[in-house]
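Single-structure report; data block below.
Protein chains get the first letters and strands the later ones, always in sequence-line order, with residue 1 at the start of each.
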Number of protein chains: 2
Amino acid sequence: MPVSHRPTLADVASAAGVSVSTASLAFSGAGPIADATKQRVLDAAASLGYSGPNPLGRQLRSGKSGIVGVVVGDALRRAFREPVAVQLLDGLVDTITPLGLGVLLIPGPTSPEQPAVDPLVESAAMDIAVMLWGGTLDDPTLEALARRGIPVVVVEGHDLTDVVTVGIDDRGGMADLAAHLRDLGHERVATVTLPFGPDRRGGLADTARLQDIAWSIPRRRLDGLVDAGVQPVAVYETPASLVEHGAAAARALLAGPVGSRPTAVVAQSDLLASGVVLGARELGLRVPEDVSVAGFDGLDLPWLAPDVLTTVVQPIADKGAAVGLAVGRILAGETPEDEVLPVALRTGTTTGPAPR
Amino acid sequence: MPVSHRPTLADVASAAGVSVSTASLAFSGAGPIADATKQRVLDAAASLGYSGPNPLGRQLRSGKSGIVGVVVGDALRRAFREPVAVQLLDGLVDTITPLGLGVLLIPGPTSPEQPAVDPLVESAAMDIAVMLWGGTLDDPTLEALARRGIPVVVVEGHDLTDVVTVGIDDRGGMADLAAHLRDLGHERVATVTLPFGPDRRGGLADTARLQDIAWSIPRRRLDGLVDAGVQPVAVYETPASLVEHGAAAARALLAGPVGSRPTAVVAQSDLLASGVVLGARELGLRVPEDVSVAGFDGLDLPWLAPDVLTTVVQPIADKGAAVGLAVGRILAGETPEDEVLPVALRTGTTTGPAPR
DNA sequence: ATGAAAGCGCTAACAA
DNA sequence: TTGTTAGCGCTTTCAT
């Protein structure tokens with residue numbers, strides 16, 4: 001007699017004249033089963049329209065959901081305009097798909113006024129979580145995950161205990177870039193930074209503001225400049241890594257007379273840098289003859305062609321893979337080390353000798 | 001006596017001296033419970049480090065996972081370079097988050113040679129699936145989901161039965177755009193299209209290839225041109241909606257002598273159109289004096305500033321919201337109608353009178 | 001190679 | 001208002 005509800009393994013088993021446990025074996029392959037029996041079960045399943053074991057039952061039984069929660073560091077919209085985040089996610093997915101894991105998207109805090117944690121953080125099923133661009137030290141998301149006993153991998157965050165961190169050598173990379181500019185004779189260097197924290201101010205940062213950098217990436221990239229002996233003559237903070245904010249920064253930084261104007265601008269991302277290039281051109285300045293511009297990330301920027309941006313190339317796909325690997329290890333019960341991936345300076349056509 | 005494993009509701013209940021069902025009520029609020037009792041349960045939970053009901057148990061019991069599987073029409077990497085897809089996803093997430101639903105990312109087929117369906121499609125827990133840029137008619141993903149009895153919402157796909165479709169008026173929008181160009185006196189109009197199908201060829205499309213458009217968006221947008229009486233003098237198919245492919249198309253289409261060169265190029269996406277603008281400029285052509293360029297989507301293109309692209313603006317966030325709404329309705333047992341959202345022509349600075 | 005039985009953690013009837 | 005009971009669908013000992 002046919003069942004009216006969606007068939008279960010029990011229905012299939014009885015239709016095939018075997019026990020549920022045998023039927024289970026036919027699907028999972030996790031145990032000895034006669035070929036003939038297996039075929040009988042599969043046939044019964046087909047005729048009942050049974051499409052395989054219900055994942056919910058399987059998950060409860062195994063205690064695993066097969067889900068990796070990925071907390072994108074900010075509103076989705078913003079995170080996805082970030083080519084770095086997108087490419088990293090791509091590398092991550094490539095790595096964990098073979099492990100039978102899937103990515104659950106978890107929006108980060110939408111605004112600083114709304115520090116509430118997304119409900120998914122509190123109650124979605126997940127075996128592990130990845131925090132993209134890992135927030136601040138006292139992140140409530142981190143707390144909630146810890147309370148739930150969910151292990152966490154943090155990308156580009158502060159060094160925390162109890163959490164595996166994957167990042168790049170921001171500081172060293174930026175120092176290399178600064179050295180490159182110094183070698184070209186630049187002495188007045190300005191920098192355009194990523195947002196310092198969730199409040200995302202835009203504009204020139206004064207000394208007070210510079211003490212107040214909550215996020216680790218802008219902090220480390222700024223430190224890298226100084227490491228190489230380049231004390232920026234101006235620091236312009238942007239509210240987001242977008243071309244238009246780079247252009248705005250250029251207008252603010254490069255409007256002055258030749259004598260006091262910076263001869264080089266270092267942006268903390270390629271998107272910002274490309275905005276600086278466009279903004280500089282708008283002001284009638286030639287790049288790199290009048291002003292050198294450099295970035296960070298190593299993206300393709302087709303709209304800058306035929307120019308090639310001087311930048312620090314980070315291995316984004318590798319970073320995603322490293323995160324995926326760490327996820328796999330943790331779920332396998334291992335405790336992987338923190339990882340810092342190397343970066344490389346790429347000299348393009350947007351930097352040249354300082355004008356004299 | 002404390003428990004060594006992660007505490008369960010039963011542990012909390014016994015610590016609080018109540019039954020499990022009462023303890024359940026303390027967390028779910030789905031039933032009458034005395035304030036004092038509830039507090040006792042919550043206290044017991046706190047002291048045991050119990051962080052709320054295990055979602056796996058809850059899901060099995062309720063038969064719902066709270067998960068919306070989103071099949072991105074192509075490899076993640078590619079899908080996320082598509083600003084339209086990203087913004088749509090953002091609108092979708094905004095709409096379903098309040099419903100207590102989360103998005104599980106499911107990669108589409110990576111390459112045409114590998115038509116295998118992602119394992120997540122076969123066996124991940126999800127209550128409903130959304131197909132972004134909804135594939136072809138005989139999509140194996142669609143089949144698999146149907147077999148599993150998972151309802152589907154298709155975005156920008158063919159009109160299918162048994163599936164709710166959300167889309168925009170591609171054809172009408174493109175017809176409006178074509179009429180605009182016609183009114184400006186353009187008679188030699190070329191078009192740069194999105195990929196015709198998973199094989200993603202690049203280059204001029206001949207008559208045979210034009211019969212072979214598997215994906216519905218390029219099809220409809222092409223039809224829209226013709227509807228308005230604009231028979232393109234050349235159709236250039238791109239392998240992806242990227243700036244560099246637009247530039248390549250411009251080089252191929254606009255290299256000829258003035259007399260035979262198209263006076264206008266219509267691209268099927270803004271990214272492609274901006275590439276066409278850049279490519280035209282590379283060839284020494286002025287936009288719009290020598291050649292008019294128009295796109296489709298209505299994106300912000302900061303690197304084109306101060307120019308503003310003439311384009312067909314589609315309501316991307318609304319589309320995401322419409323998808324989310326449809327998802328909610330379906331899960332509530334309703335059967336929402338297909339939806340076609342309106343678009344609007346935006347006249348920018350990149351189109352002008354045909355040169356004479 | 002197959003079957004019987006237990007139980008993953010929870011919620012929802014229903015009874016008290 | 002609280003407790004008892006019965007599963008949700010599956011996998012996994014363990015016995016046969």
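Applying the side-chain hydrogen bond (donor to acceptor under 3.5 Å, both in side chains) test to pairs two or more places apart or on separate chains, those with a residue in residues 318-338 of chain A are A:E156-A:K319, A:Q314-A:K319. Applying the side-chain hydrogen bond (donor to acceptor under 3.5 Å, both in side chains) definition to pairs two or more places apart or across chains, those involving residues 18-35 of chain B are B:S19-B:S21, B:S19-B:T22. Contacts classified as side-chain hydrogen bond (donor to acceptor under 3.5 Å, both in side chains) and involving residues 43-61 of chain A (residues at least two apart or in different chains) are given here: A:Q39-A:D43.
Remark on the helix from C:dA1-D:dT16 to C:dA16-D:dT1: inter-end axis angle 30°, axes from five-pair C1' superpositions, rounded to 10°.
Taking atom NZ on B:K38 and atom P on D:dT1, their separation rounds to 12 Å, with Å as the unit. Put simply, CG on A:L60 is 13 Å from P on D:dC8, counting in whole angstrom units. For the pair B:L9 CG and D:dG7 P, the computed distance is 20 Å after rounding to whole Å. As rounded to whole Å, 13 Å separates atom C1' of D:dG9 from atom CZ of A:R6. If you take CZ of B:R58 and P of D:dG7, they are 22 Å apart, rounded to a whole angstrom. Atom CG of B:L56 and atom P of D:dG7 are 22 Å apart (whole Å).
Closest non-hydrogen pair, B:I168 versus B:P315, comes out as CG2-CD, 4.3 Å.
Every side chain to side chain contact (heavy atoms under 4.5 Å, CB included) that B:V86 has, sequence neighbours left out, goes to A:F80, B:F80. Every side-chain hydrogen bond (donor to acceptor under 3.5 Å, both in side chains) that B:D127 has, sequence neighbours left out, goes to B:S65. Legend: residues meeting salt bridge (charged side-chain N to carboxylate O under 4.0 Å, His left out) with A:D118, ordered by chain and number and at least two apart, are absent. Every residue meeting the salt bridge (charged side-chain N to carboxylate O under 4.0 Å, His left out) condition with B:R81, not counting sequence neighbours, appears here in chain and number order: B:E244. Evaluation of the salt bridge (charged side-chain N to carboxylate O under 4.0 Å, His left out) rule for B:E122 yields B:R147 as partners, not counting sequence neighbours.
Think of the region where chain B sits on DNA chain C: with heavy atoms and a 4.0 Å cut, that region ends 5' and 3' at C:dG9 to C:dA12.
For the atom pair CG of B:L160 and CE of B:M131, the computed distance is 9.0 Å after rounding to the nearest 0.5 Å. For the atom pair CG of B:L325 and CD1 of B:I330, the computed distance is 10.5 Å after rounding to the nearest 0.5 Å. Distance check: A:L88 CG to A:E82 CD gives 11.0 Å after rounding to the nearest 0.5 Å. Going from atom CG of B:L105 over to atom CG of B:L89 covers 6.5 Å, rounded to the nearest 0.5 Å.
At a non-hydrogen distance threshold of 4.0 Å, nothing from residues 26-33 of chain B comes into contact with DNA chain C.
Within the 4.0 angstrom heavy-atom criterion, no nucleotide atom of any strand lies near B:S62.
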For nucleotides 4-6 of chain D, tabulate all protein N/O to nucleotide N/O atom pairs closer than 3.5 Å, reporting atom names and distance.
residue: D:dT4; atom: O4; partner: B:S21; partner atom: OG; Å: 3.1

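The 5' end of DNA chain D is approached more closely, in terms of each residue's nearest nucleotide, by A:G57 than by the other of A:L25 and A:G57.
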